Amino acid sequence: MDRFKTILNIASKQTNLGFGLVALLTAGGEQIFSSVAFKCPCNELNFLYGLVFLLVPALALLLLGYILSKKMWILFTGLWHNRAKLCYWKNLATTCTAFLQISSTALVAPSSWLAVALLNGNYYECAMTGTNLSVYNQYLCKDMNFELDCGRKLHMLPCDKRNEEVLRTLRSQSQILGWLVITFIMLSSLLIICLARCNSPISYQQLKFWRAYAQEESELMDLYTNKHAKDLAERNLKSFFNQMEPANITTPSNKDWEKISLLYKFSTKDHFYSTLHRYVETNQEGDGIRMVSVRSNESTDNPAVLHFVDGGMVSM
């Protein structure tokens, strides 16, 4: 168990390794799911059944990615209470940019599911044998010995292995789509990262330091909040059961919590690496969701990939 925790800790600190682990677990889950739970009905439900098994798990993984995203809840907690701030275009643009970055991370698992499922071909094979497109059905049936009755018997192909040539055609189409999905994901990711890095106002080593700092701060924040909450709860329980005056424990105010709970956009003018860092150095009022430094009247707009590097770990 300790070794498993160590692997998860390493994966959480290395973004690429973490994404690879998520993709690997998703691929393994798809293989198990396909062999154990999926049974094509071989009737008029083929199309709906295959489509549901192909898309619904991907949608569930996407929603799970949103739920487990720490930055998701940093972004949306209290958003309705401070909705007046979103009326400003820059704040709205910053919020949308953050949500797009959260979405790009959440899409890792569902895109992996789609790619592996298409490469496997079972779901696509079942779904396409249940289509009502006469042109496509005639295309599949051109080499079959029951062309005149193809529309009625096509849905039986996943259960009847006597026409392997049609099943191979469907499987090859599915695998082509799977490789196209993989290629599109890789090329779009490479393009976005290259554009962001080319426009980066900070160096590669400073970006590595920033990410390392954000990770360490997040872990220590969890330790400190748990310890402080335990001390406060213990004090209150002792005071209640012993009927004594409570000891003095200082807890940050609501405004202090709000100042350090917003997503932070790095400014090259002041070199703060998080909202907490900025709060400790200045202890001054922030600028809402935009979070630029108060010691400078101008900020540097960074590429989308550099806007928010905090929140690498998943959390509720």
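Here, residue 1 is the first one in the sequence, and each next residue gets the next number. This structure is a prediction, so every number in the text was calculated from the model and none was measured.
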Ignoring hydrogens, what is the shortest heavy-atom contact between [X] and [Y]? Give both atom names and the distance.
X	Y	answer
Pro57	Leu54	CD-C, 4.3 Å
Leu51	Ala127	N-CB, 3.9 Å
Ser189	Ile185	OG-O, 2.8 Å
Gly130	Asn46	CA-CB, 3.7 Å
Met221	Ile260	CE-CD1, 3.9 Å
Trp257	Pro252	NE1-O, 3.2 Å

(message) Apply side chain to side chain contact (heavy atoms under 4.5 Å, CB included) to residues Leu119 and Leu177 and explain how you reach the verdict.
(response) CA-CA 8 Å; Leu119 289 177; Leu177 290 176; over 6 Å; no
(request) Check which hydrophobic residues are tied to Val56 through side-chain heavy-atom contacts below 4.5 Å, counting indirect links as well, and list them. (result) Leu48, Val52
(message) Per the disulfide (SG to SG under 2.5 Å) rule, what does the pair list look like for residues 24-62, sequence neighbours excluded?
(response) Cys40-Cys126, Cys42-Cys159
Residues 241-251 side chain polar contacts: donor-acceptor under 3.5 Å, at least two apart:
residue: Asn242; atom: ND2; partner: Lys238; partner atom: O; Å: 3.3
residue: Gln243; atom: NE2; partner: Phe240; partner atom: O; Å: 2.6
residue: Thr251; atom: OG1; partner: His228; partner atom: NE2; Å: 3.3

(message) Taking side-chain hydrogen bond (donor to acceptor under 3.5 Å, both in side chains) as the cut-off, I'd like each qualifying pair that reaches into residues 174-184, sequence neighbours left out, listed once.
(response) none
(request) Please collect all side-chain hydrogen bond (donor to acceptor under 3.5 Å, both in side chains) contacts where either partner lies in residues 57-68, sequence neighbours excluded, each pair once. (result) Tyr66-Ser103
Calculate, to the nearest 0.5 Å, the distance between atoms [atom1] and [atom2] belonging to [X] and [Y] respectively.
X	Y	atom1	atom2	answer
Leu187	Ile192	CG	CD1	11.0 Å
Ile102	Phe76	CD1	CZ	6.5 Å
Gln206	Ser200	CD	OG	8.5 Å
Phe272	Trp210	CZ	CH2	13.5 Å
Ser112	Leu107	OG	CG	10.0 Å
Arg197	Ile202	CZ	CD1	9.0 Å

How about [X] and [Y]: do any of their side-chain heavy atoms sit closer than 4.5 Å?
X	Y	value
Leu114	Leu55	yes
Glu219	Leu223	no
Leu237	Glu234	no
Lys208	Gln205	yes
Lys259	Arg278	no

(message) Between Ser218 and Lys70, is there a side-chain donor-acceptor contact under 3.5 Å, judged purely by atom types and distance?
(response) yes
(request) For Asn236 and Ser239, test the side chains for any donor-to-acceptor distance below 3.5 angstrom and give the result as yes or no. (result) no
(message) Test side chain to side chain contact (heavy atoms under 4.5 Å, CB included) on Cys194 and Leu191; report intermediate values, then the result.
(response) CA-CA 5 Å; Cys194 288; Leu191 180 62; 5.6 Å; no
(request) Given side chain to side chain contact (heavy atoms under 4.5 Å, CB included), test Met72 with Phe99 step by step and report yes or no. (result) CA-CA 7 Å; Met72 178 76 172; Phe99 183 73; 4.1 Å; yes
(request) With side chain to side chain contact (heavy atoms under 4.5 Å, CB included) as the test, would you mind laying out the steps for Gln101 and Lys71 before giving the verdict? (result) CA-CA 9 Å; Gln101 190 183 34; Lys71 287 193 288 186; 3.2 Å; yes
(message) Using the ring pair (Phe, Tyr, Trp, His ring centres under 6.0 Å) criterion, which residues pair with Phe209? Sequence neighbours excluded.
(response) Tyr273
(message) For Tyr49, give me all partners under ring pair (Phe, Tyr, Trp, His ring centres under 6.0 Å), at least two apart in sequence or on another chain.
(response) Phe38, Phe53
(message) Quick check: is Leu62 connected to Ile182 through a chain of hydrophobic side chains (ILVMFWY, heavy atoms under 4.5 Å apart)?
(response) no
(request) Group every Ile, Leu, Val, Met, Phe, Trp and Tyr by side-chain heavy-atom contacts under 4.5 Å, then state whether Val116 and Leu170 land in the same group. (result) no
(message) Run the side-chain contact (heavy atoms from CB on, under 4.5 Å) test against Leu100 and tell me which residues pass, sequence neighbours left out.
(response) none
With sequence neighbours excluded, residues passing side-chain hydrogen bond (donor to acceptor under 3.5 Å, both in side chains) with [X]:
X	value
Thr225	none
Thr131	Asn137
Thr26	none

(message) The criterion is salt bridge (charged side-chain N to carboxylate O under 4.0 Å, His left out); which residues satisfy it with Lys227, sequence neighbours excluded?
(response) Asp231
(request) Using atom types as modelled and distance alone, determine if a side-chain donor or acceptor of Asn120 lies under 3.5 Å from a backbone N or O of Asn122. (result) no
